[in-house]
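Every value quoted in this text rests on a predicted model; they were computed, and no experiment measured them.
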Amino acid sequence: MKKRDLIGTLQMQLKAAQHKIDGYESGKRYQRIEESHRKSRRHYQRIIEQKNARIRELEHTLEKVWKWVEEICEDQEKEHQKVVKELRRQLSEAIERYQAEARKCDEEHAINAALRQKKYALETELEDEREKNRKLIAQIRRDYENSSKPSSLSPNHKKITNNRERTGKRPGGQPGHQGHRRAKQDATEVKYLEAAPEIVNDPDFKKTDKVISKQLVNVKLVLEVTEFGHTSTETQKPAKPITLRFLKGWSMMSTTEEVSKLSCIF
């Protein structure tokens with residue numbers, strides 16, 4: 001920037017500053033500022049009054065709405081109490097019905113159990129009577145063919161013929177028959193018998209896996225003796241037996257002659 005231009009710019013700024021100073025010194029600028037401030041104040045004052053009015057309106061509306069909400073809540077609470085009361089009544093009736101049905105069911109179970117017992121007793125009695133009936137019928141129908149009753153006691157009996165064919169076999173068990181032997185008992189002791197030396201030393205004999213077992217059954221009787229005693233007493237009175245209870249079903253007789261004996265009481 002050239003020196004001349006700088007001087008021109010500074011002169012213009014100085015003139016503008018001098019104009020402001022003149023305005024402040026004369027008071028006109030203060031008046032303009034004060035007037036602008038009053039206008040701004042009146043503007044904001046109107047805005048504040050409008051806001052306050054709106055707030056009062058909203059407060060009034062809120063009060064109405066809150067009152068309306070309270071009324072609705074009271075109505076809802078009353079309806080809720082009515083519903084709860086009705087539900088409780090229904091629940092109480094349902095519990096009473098359930099208890100009545102439970103009692104009725106228990107009574108029916110008891111009756112059913114009694115009927116089952118009666119039925120079982122009747123069935124048992126019927127089965128006993130049927131068994132007696134079968135025995136009586138069998139006794140009535142008994143003759144020399146199905147009992148040990150001799151045919152001579154049956155009048156008009158027919159001759160018993162032997163229709164079996166002769167086989168030529170001897171009476172009794174036949175070769176190859178398994179037979180009916182005594183059932184084996186659980187062994188309390190097992191002993192293995194060694195083969196004879198002449199068999200062990202003979203190369204013609206060979207050992208197999210087959211084991212031949214025989215059982216010797218011994219029955220033991222154990223004698224147990226329990227002795228009971230008491231001290232005898234004497235008296236000048238006539239001899240009178242005194243019974244001492246010392247075991248269920250048994251008693252000991254004692255007299256002045258110091259004779260004791262055991263007697264079984266049934």
Side-chain angles (χ1 to χ4, degrees), residues 98-193 208-229 241-254 259-266:
Y98 171 75
Q99 292 176 351
E101 291 294 333
R103 290 192 296 269
K104 185 178 179 181
C105 185
D106 293 338
E107 293 175 357
E108 290 179 353
H109 280 306
I111 295 173
N112 193 11
L115 291 176
R116 284 199 300 269
Q117 293 178 358
K118 186 176 181 180
K119 178 185 175 183
Y120 177 75
L122 292 175
E123 289 179 350
T124 304
E125 185 178 357
L126 178 61
E127 187 64 27
D128 294 339
E129 294 297 329
R130 287 178 178 175
E131 183 65 24
K132 291 179 182 178
N133 192 14
R134 285 194 293 270
K135 289 182 179 180
L136 292 175
I137 292 174
Q139 290 179 1
I140 293 172
R141 295 178 178 178
R142 187 175 296 172
D143 56 9
Y144 64 93
E145 292 182 347
N146 53 15
S147 68
S148 60
K149 181 180 179 181
S151 60
S152 60
L153 297 179
S154 299
N156 301 325
H157 65 276
K158 62 180 181 180
K159 184 179 180 181
I160 301 175
T161 58
N162 188 359
N163 296 325
R164 293 182 297 175
E165 297 180 358
R166 293 184 178 274
T167 59
K169 296 180 181 180
R170 297 178 62 184
Q174 301 301 319
H177 187 261
Q178 295 295 330
H180 302 282
R181 300 176 179 83
R182 178 180 57 81
K184 287 189 175 184
Q185 306 296 324
D186 295 335
T188 57
E189 183 182 3
V190 180
K191 294 183 178 180
Y192 291 97
L193 303 178
T208 63
D209 296 333
K210 183 179 179 180
V211 177
I212 300 174
S213 62
K214 302 290 183 180
Q215 287 188 342
L216 175 63
V217 179
N218 294 323
V219 179
K220 295 182 180 180
L221 299 178
V222 180
L223 177 64
E224 293 183 358
V225 179
T226 303
E227 182 175 341
F228 299 90
I242 301 174
T243 303
L244 299 179
R245 301 287 179 178
F246 66 96
L247 190 64
K248 185 178 180 181
W250 293 83
S251 65
M252 179 179 287
M253 307 297 293
S254 176
V259 177
S260 300
K261 64 179 179 178
L262 296 178
S263 63
C264 182
I265 300 175
F266 295 98

Could you tell me the separation between the CD1 atom of Ile212 and the CG atom of Leu193, rounded to the nearest 0.5 Å?
11.5 Å
Gln174 side-chain N/O to Gly172 backbone N/O, donor-acceptor pair under 3.5 Å
yes
Roughly how far apart are Glu127 CD and Leu122 CG, rounded to 0.5 Å?
13.0 Å
Spacing of Glu125 atom CD and Lys118 atom NZ [to the nearest 0.5 Å]:
11.0 Å
From Glu129 CD over to Leu136 CG, what is the distance, rounded to the nearest 0.5 angstrom?
9.5 Å
Atom CG in Asp106, atom CZ in Arg103: separation rounded to 0.5 Å?
9.5 Å
Under the salt bridge (charged side-chain N to carboxylate O under 4.0 Å, His left out) rule, collect the residues that match up with Glu131, sequence neighbours excluded.
Arg134
Check whether any side-chain heavy atom of Leu115 lies under 4.5 Å from a side-chain heavy atom of Ile111, and answer yes or no.
yes
Could you walk me through whether Glu123 and Lys119 satisfy the side-chain contact (heavy atoms from CB on, under 4.5 Å) test, starting with their C-alpha distance in whole Å, then the side-chain angles of each, then the deciding distance to 0.1 Å, before giving a yes or no?
CA-CA 6 Å; Glu123 289 179 350; Lys119 178 185 175 183; 2.8 Å; yes
